Novice: 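Once you've had a glance at the structure underneath, I'll fire off some questions.
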Amino acid sequence: MATTLQLTTDFSKPIIVVKPSLEFASTPRHCRTSLSLPRFNNITRASSSDSSLVSRRHFVSETAALSLTLTTLPLFGSVQPAKSEEPALSEWEKVSLPIDPGVVLLDIAFVPEDPKHGFLLGTRQTILETKDGGDTWVPRSIPSAEDEDFNYRFNSISFKGKEGWIVGKPAILLHTSDSGNSWERIPLSSQLPGDMVYIKATDEKSAEMVTDEGAIYITSNRGYNWKAAVQETVSATLNRTVSSGISGASYYTGTFNSVNRSPDGNYVAVSSRGNFYLTWEPGQPFWQPHNRTIARRIQNMGWRADGGLWLLVRGGGLYLSKGTGLTEEFEEVPVQSRGFGILDVGYRSKDEAWAAGGSGILLRTTNGGKTWTRDKAADNIAANLYSVKFIDDSTGFVLGNDGVLLRYLG
């Protein structure tokens, strides 16, 4: 039965170059060839009074003959033609997907009660399904999401037990209670402020949904109705508190560039222009804006495994917060980004994390983020890597544009 959202307003073998040599000691006897080469050992230094010496022109002609002889000399020890092969990634493999190359992958999730069963979302109405842990993927058709003339961008997916949720743009909300075997569409109100960019299954029949304008809604009855967790959108909050001294907040009409949730339910979001960030904790009536203390604009922010924050700036900079929890104090960490932007960080454990970014950048830390090393094998991936997702310590994926999906091998 269709339900209505009710808003409460309050990403070969090498070429072998063989240098010709005049010595063929290793050539098989039956293959040896008698070769007459020009002799230069009797050439002496010319003087102006000795006309019998080799003239410069004769010297040049002899040199050309030698060059021609060496060029036509057969090279023994057969050299195979070079083959173009994509180098294997040290700890990641590229997964082939049955989608158009222009698709941007946006989110991935697995059913907790069936860890091999998962779903992959993207632009151009892309929903893929796997039942072997991500080795192979097949397109998944959801009739309730195809009955209109829309090209949906599916932004976020989350599971809790057998229950799962998908949100997208234009506004669409899908729900399953049988591990994704069937999906139903939940109608949404046209009064929803902004586009839905994130959803989190929190408990049985319960979820949190966030829009790009900062609205947070909570349901506890499978989406039959929703309750607002904040009293107003970010725009309203910032425009009402211009005197707060937040740079770039005056007459703010933008949206979130990114939003990330901690396991404890705290949120951190980056403004669309990257000039400040915002935080929200359960129970707070409004989002709390924060000035950036870094000259470059913020690209993305998220939560470390120890409860602290990581922060990425445009141009490839990475910062870690001092201590844990919400703070405005950050320290820069040296990274080999080659000048390309780092777009996301995903933690496999408290000590190990991976960062991904533009032009196939992959970085790894094994000490909680203090030092990072680049996985050079990923440099040949012709794609931007947007998101790093670890389902658990043995299952991880990197999502990129042009349908690029990397799977963690460990």
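Note that the structure is predicted; figures quoted are calculated from it, not measured.
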Novice: Answer whether the closest heavy-atom distance between the side chains of R297 and V313 falls below 4.5 Å.
Specialist: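 A side-chain contact under 4.5 Å is absent here.
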
Novice: For R261 and E208, which heavy atoms make the closest approach, and how far apart are they?
Specialist: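 Looking at all heavy atoms of both residues, the closest pair is NE-OE1, 3.1 Å.
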
Novice: Mind checking whether T130 and L120 have side chains closer than 4.5 Å, heavy atoms only?
Specialist: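 Side-chain contact under 4.5 Å: no.
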
Novice: Out of curiosity, K200 NZ to I218 CD1, how far, rounded to the nearest 0.5 Å?
Specialist: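 Nearest 0.5 Å value for the NZ-CD1 distance: 14.0 Å.
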
Novice: On a heavy-atom basis, which atom in A201 and which in S158 lie closest, and how many Å separate them?
Specialist: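 Heavy atoms only, the tightest pair is N-OG, 2.9 Å.
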
Novice: Charged N to carboxylate O under 4.0 angstrom, R407 versus D135?
Specialist: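 Yes, R407 and D135 are salt-bridged.
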
Novice: Using only heavy-atom distances, determine whether the side chains of R222 and S206 contain a donor-acceptor pair under 3.5 Å.
Specialist: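 R222 vs S206: no donor-acceptor pair found between side chains.
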
Novice: Supply the atom-to-atom distance Q299 CD to I342 CD1, rounded to the nearest 0.5 angstrom.
Specialist: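 Rounded to the nearest 0.5 Å, the CD-CD1 separation comes out at 10.0 Å.
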
Novice: Given K389 and D107, is the salt bridge (charged side-chain N to carboxylate O under 4.0 Å, His left out) satisfied, shown in steps?
Specialist: CA-CA 8 Å; K389 302 280 186 178; D107 201 9; 3.4 Å; yes

Novice: Run E113 and K160 through salt bridge (charged side-chain N to carboxylate O under 4.0 Å, His left out) and show every step you take.
Specialist: CA-CA 9 Å; E113 297 187 3; K160 182 74 173 182; over 6 Å; no

Novice: If every non-hydrogen atom of I361 is compared with every non-hydrogen atom of F340, which pair is closest and at what distance?
Specialist: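 Heavy atoms only, the tightest pair is CG1-CB, 4.0 Å.
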
Novice: Keeping the roles fixed (side chain from T237, backbone from T233), state whether a donor-acceptor pair exists under 3.5 Å.
Specialist: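 It does hold such a pair.
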
Novice: Going by side chain to side chain donor-acceptor pair (under 3.5 Å), T279 matches just one of H290, Q284, Q288. Which one?
Specialist: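 Only one of H290, Q284, Q288 forms a side chain to side chain donor-acceptor pair (under 3.5 Å) with T279, namely H290.
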
Novice: Tell me, do I127 and I157 make a side-chain contact under 4.5 Å, heavy atoms counted?
Specialist: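 Not in contact.
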
Novice: For Y152, does its backbone N or O pair with a side-chain atom of Q125 as donor and acceptor, under 3.5 Å?
Specialist: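 Flag set: sc Q125 to bb Y152 pair under 3.5 Å.
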
Novice: Kindly state whether the ring of Y347 and the ring of F390 have centres lying under 6.0 angstrom apart.
Specialist: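 Here the rings of F390 and Y347 have centres that are no less than 6.0 Å from each other.
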
Novice: Might you point out which heavy atoms bring E184 and S144 nearest each other, and give the distance in Å?
Specialist: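 Taking E184 first and S144 second, the nearest heavy atoms are C-OG, 4.3 Å.
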
Novice: Check whether any side-chain heavy atom of L309 lies under 4.5 Å from a side-chain heavy atom of M301, and answer yes or no.
Specialist: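 Sidechains of M301 and L309: in contact.
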
Novice: Go through it in stages, so that I can follow the logic: the residues are K205 and S220, the test is side chain to side chain contact (heavy atoms under 4.5 Å, CB included), and I'd like the CA-CA distance, side-chain angles, deciding distance and then a yes or no.
Specialist: CA-CA 5 Å; K205 303 180 183 181; S220 58; over 6 Å; no

Novice: In Å and rounded to the nearest 0.5 Å, what is the CE to CD1 distance from M196 to I172?
Specialist: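 It is 8.0 Å, given to the nearest 0.5 Å.
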
Novice: Test your reading of the model: is there a side-chain donor-acceptor pair from R364 to the backbone of A353, 3.5 Å cut-off?
Specialist: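 No; judged by distance alone, with no hydrogens or angles, the pair does not exist.
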
Novice: For the residue pair W137 and F397, categorise the inter-ring angle as parallel (less than 30°), tilted (30 to 60°) or perpendicular (more than 60°).
Specialist: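 Ring orientation, 0 to 90° scale: perpendicular.
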
Novice: Checking the side chain of N221 only, and the main-chain atoms of Y224 only, is there a donor and an acceptor separated by less than 3.5 Å?
Specialist: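 The answer is yes, because a donor-acceptor pair under 3.5 Å joins these two groups.
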
Novice: Grab the two heavy atoms, one from N155 and one from L121, that are nearest each other, plus how far apart they are.
Specialist: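 Closest heavy-atom pair between N155 and L121: C-CD1, 4.4 Å.
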
Novice: Applying salt bridge (charged side-chain N to carboxylate O under 4.0 Å, His left out) to R292 and E328, what does each step give before you reach the verdict?
Specialist: CA-CA 7 Å; R292 75 181 195 271; E328 295 184 358; over 6 Å; no

Novice: For the residue pair F119 and F159, does the interplanar ring angle fall in the parallel (under 30°), tilted (30 to 60°) or perpendicular (over 60°) class?
Specialist: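 Plane angle under 30°, so parallel.
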
Novice: Between D195 and R153, is there a salt bridge with N-O shorter than 4.0 Å?
Specialist: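 Salt bridge absent between R153 and D195.
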
Novice: Donor-acceptor pair, distance only, cut-off 3.5 Å: does the side chain of R140 make one with the backbone of G180?
Specialist: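 Checking the backbone N and O of G180 against the side chain of R140, a donor-acceptor pair under 3.5 Å is found.
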
Novice: Can you check side chain to side chain contact (heavy atoms under 4.5 Å, CB included) on L97 and L128, steps first, answer last?
Specialist: CA-CA 9 Å; L97 298 178; L128 301 179; 4.1 Å; yes

Novice: Might you point out which heavy atoms bring N266 and P282 nearest each other, and give the distance in Å?
Specialist: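 Distance-wise, the nearest heavy atoms are OD1-CD, 3.3 Å.
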
Novice: Report yes if the side chains of D114 and S179 come closer than 4.5 Å at any heavy-atom pair, otherwise no.
Specialist: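 No, every pair of side-chain atoms sits at 4.5 Å or beyond.
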
Novice: Going by atom types alone, do S349 and D351 pair a side-chain donor with an acceptor below 3.5 Å?
Specialist: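 D351 and S349 do not have a side-chain donor-acceptor pair below 3.5 Å.
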
Novice: Would the W287 and F256 ring centres measure less than 6.0 Å apart?
Specialist: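 For W287 and F256, the ring centres are under 6.0 Å apart.
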
Novice: Is the backbone of W183 close enough, under 3.5 Å, to the side chain of T176 for a donor and an acceptor to pair up by distance?
Specialist: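 Such a contact is absent between T176 side chain and W183 backbone.
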
Novice: As an exercise, state the distance from CG of N384 to CG of L399, rounded to the nearest 0.5 Å.
Specialist: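 Going from CG on N384 over to CG on L399, the span is 13.0 Å.
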
Novice: Passes side chain to side chain contact (heavy atoms under 4.5 Å, CB included), W165 versus T219? Steps please.
Specialist: CA-CA 12 Å; W165 307 80; T219 184; 4.1 Å; yes

Novice: Kindly indicate, with the supporting measurements, whether the criterion side chain to side chain donor-acceptor pair (under 3.5 Å) is fulfilled by E352 and T365.
Specialist: CA-CA 5 Å; E352 182 179 349; T365 180; over 6 Å; no

Novice: Is the centre of the W92 ring less than 6.0 Å from the centre of the W354 ring?
Specialist: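 Close enough - the centres of the two rings lie under 6.0 Å apart.
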
Novice: Check the side chains of R348 and Y408 for a donor-acceptor pair under 3.5 angstrom, ignoring hydrogens and angles.
Specialist: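 Distance-only check passes for Y408 and R348.
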
Novice: Taking D100 for its side chain and G102 for its backbone only, find out whether a donor-acceptor pair lies under 3.5 Å.
Specialist: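 No, because the side chain of D100 does not come within donor-acceptor range (under 3.5 Å) of the backbone of G102.
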
Novice: Would you find a donor on one side and an acceptor on the other, under 3.5 Å apart, between the side chain of E232 and the backbone of P285?
Specialist: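 Not confirmed, E232 side chain does not pair with P285 backbone.
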
Novice: Nearest 0.5 Å please: distance from the CG atom of D392 over to the CZ atom of F110.
Specialist: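 Nearest 0.5 Å value for the CG-CZ distance: 9.5 Å.
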
Novice: Side chains of L192 and Y217: does their closest heavy-atom pair fall under 4.5 Å?
Specialist: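 A side-chain contact under 4.5 Å exists here.
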
Novice: Side chains of D264 and S262: any donor to acceptor distance under 3.5 Å?
Specialist: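 Looking only at side-chain atoms, D264 and S262 do not form any donor-acceptor pair under 3.5 Å.
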
Novice: Could you tell me whether the side chain of T126 reaches within less than 4.5 Å of the side chain of F154, counting heavy atoms only?
Specialist: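 No - every pair of side-chain heavy atoms lies 4.5 Å or more apart.
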
Novice: Would a distance-only check, ignoring hydrogens and angles, find a side-chain to backbone donor-acceptor pair under 3.5 Å from D344 to V388?
Specialist: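 Answer holds: yes.
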
Novice: Atom OG in S387, atom CG in L405: separation rounded to 0.5 Å?
Specialist: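 These two atoms lie 10.5 Å from each other.
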
Novice: Check step by step if side chain to side chain contact (heavy atoms under 4.5 Å, CB included) holds for L326 and E281.
Specialist: CA-CA 10 Å; L326 298 175; E281 296 177 308; 3.7 Å; yes

Novice: Where the side chain of T327 meets the backbone of S321, is there a donor-acceptor pair that is under 3.5 Å apart?
Specialist: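 Not at all, since once roles are kept as given, no pair shorter than 3.5 Å links the two residues.
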
Novice: Would you say L312 and V345 make side-chain contact, with heavy atoms under 4.5 Å?
Specialist: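 A side-chain contact exists here, since the closest heavy-atom pair is under 4.5 Å.
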
Novice: Will you find, in the side chains of N260 and S258, an N or O donor that is under 3.5 Å from an N or O acceptor?
Specialist: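 Short answer, no.
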
